[in-house]
Protein chains: 2
Amino acid sequence: MLEMTFKALGEPTRLRILRLLADRELCVCDLEEILAINQPRISQHLKVLKQAGLVKERREAQRRICSFDREAFEQVFEEFNLYMKVPLNELPGFQDEYERMVNLDENTCEKKIRKKTSKKQ
Amino acid sequence: MLEMTFKALGEPTRLRILRLLADRELCVCDLEEILAINQPRISQHLKVLKQAGLVKERREAQRRICSFDREAFEQVFEEFNLYMKVPLNELPGFQDEYERMVNLDENTCEKKIRKKTSKKQ
DNA sequence: TTCGTATATAAGCATGAGCTTATAATAACA
DNA sequence: TGTTATTATAAGCTCATGCTTATATACGAA
């Protein structure tokens, strides 16, 4: 999920779309006109932004009116802070890494060298 | 710059590397061992993270010891907040968009329709 | 100077991502 | 029902990105 959000943000056109939606809600054809970009391109980027949870949409007749989902956005950054601060052994998907990291404590890059040189003696 | 940072964060292996570096500084060969990933792959990802300003490195003999640059990281998010909050017409690279957006005020999607239908009358 | 260790870089490949053009789907309306 | 407006999706292309293997570079130690 984190990855998805950052990937969505890591593209210039999507950043621009998001910036505009931060000002006010806009439908696809408004974005098309403001950014001077064709419709499929807008739609495709909006899809990515919606999947990442950064944009929400409301329907009105044929139009899909999009807006920046500020709450969801801030939640993502909560999630990221958690990811970076929670102890490694409590993070799902880091079990092996945790063990190898602990193991490294007695086997650091530097210490490995010392061991090898002492063996040779 | 914003784009670069988000792009760097939008990749699973790089996110993992960054997570580990948030715990403590590590050299390439440590990361190699902890993540069970080959050396060039680690180096290439570190390069991206360094270029994005998320990781800094210190040299010690042949080793490059990497760490998470928390300050630079937080600056990026300041920058992002600014980007999202500063008035559009003050944002470089949004001049045309600003004008077209203002113009849209009297020419919204809905209003355009009304105009067209009233013309027909 | 020669060798080993740590890291960077290059080349080649496969996959992914963004763009354009064309077409489909949906909804209001005559 | 047929037409128009709005948006979504598909196909094809090109370029970017990540991975692997092989090689180069930098540094220390013998």
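Salt-bridge formation is detected for the pair R58(A)/E25(A): a Lys NZ or Arg NE/NH1/NH2 atom is positioned less than 4.0 Å from an Asp or Glu carboxylate oxygen.
For E71(A), the CD atom is loosely surrounded, since the number of other residues' heavy atoms within 6.0 Å does not exceed 12.
Under 4.0 angstrom from either OP1 or OP2 of dC19(C) there lies at least one side-chain N or O belonging to H45(A). Between S43(B) and dT7(C) there is no side-chain polar atom (N or O) within less than 4.0 angstrom of OP1 or OP2. Phosphate contact (OP1/OP2 of dG18(C), side-chain N/O of R14(A), threshold under 4.0 Å): present. Checking the phosphate oxygens (OP1, OP2) of dA8(D), no side-chain nitrogen or oxygen of K47(A) falls inside 4.0 Å.
dT17(D) atom P lies 5 Å from atom NZ of K7(B), rounded to whole Å. E33(B) has its CD atom 14 Å from the P atom of dT5(C), to the nearest Å. Counting to the nearest Å, the P atom of dT25(D) and the CZ atom of R59(B) are 15 Å from each other. Across the protein-nucleic acid pair, I37(A) atom CD1 and dG18(C) atom C1' stand 11 Å apart, rounded to whole Å.
Side-chain atoms of Q39(B) and base atoms of dA8(C) include a donor and an acceptor less than 3.5 Å apart.
At a threshold of 4.0 angstrom between heavy atoms, the contacts of E11(B) are confined to the sugar-phosphate backbone, with no base atom among them.
Note: F80(B) and F73(A) meet the aromatic proximity criterion, with ring centroids under 6.0 Å apart.
With distances taken from any side-chain atom of C29(A) to the nucleotides dT7(D), dG4(C), dC19(C), the minimum falls on dT7(D). With dA10(D), dC19(C), dC27(D) as the choices, the nucleotide that has an atom nearest any side-chain atom of P40(A) turns out to be dA10(D).
Listed here is the closest heavy atom pair of A52(A) and M4(A): CB-O, 4.1 Å.
Both A61(A) and N38(A) sit near DNA chain C, but only N38(A) has its closest nucleotide nearer the 5' end. For the pair R64(B) and Q44(A), both in contact range of DNA chain D, the more 5′-proximal nearest nucleotide belongs to Q44(A).
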Are L18(B) and M84(A) close enough, and set up right, to give a side chain to side chain contact (heavy atoms under 4.5 Å, CB included), and what steps lead you there? CA-CA 8 Å; L18(B) 208 64; M84(A) 293 300 270; 4.0 Å; yes
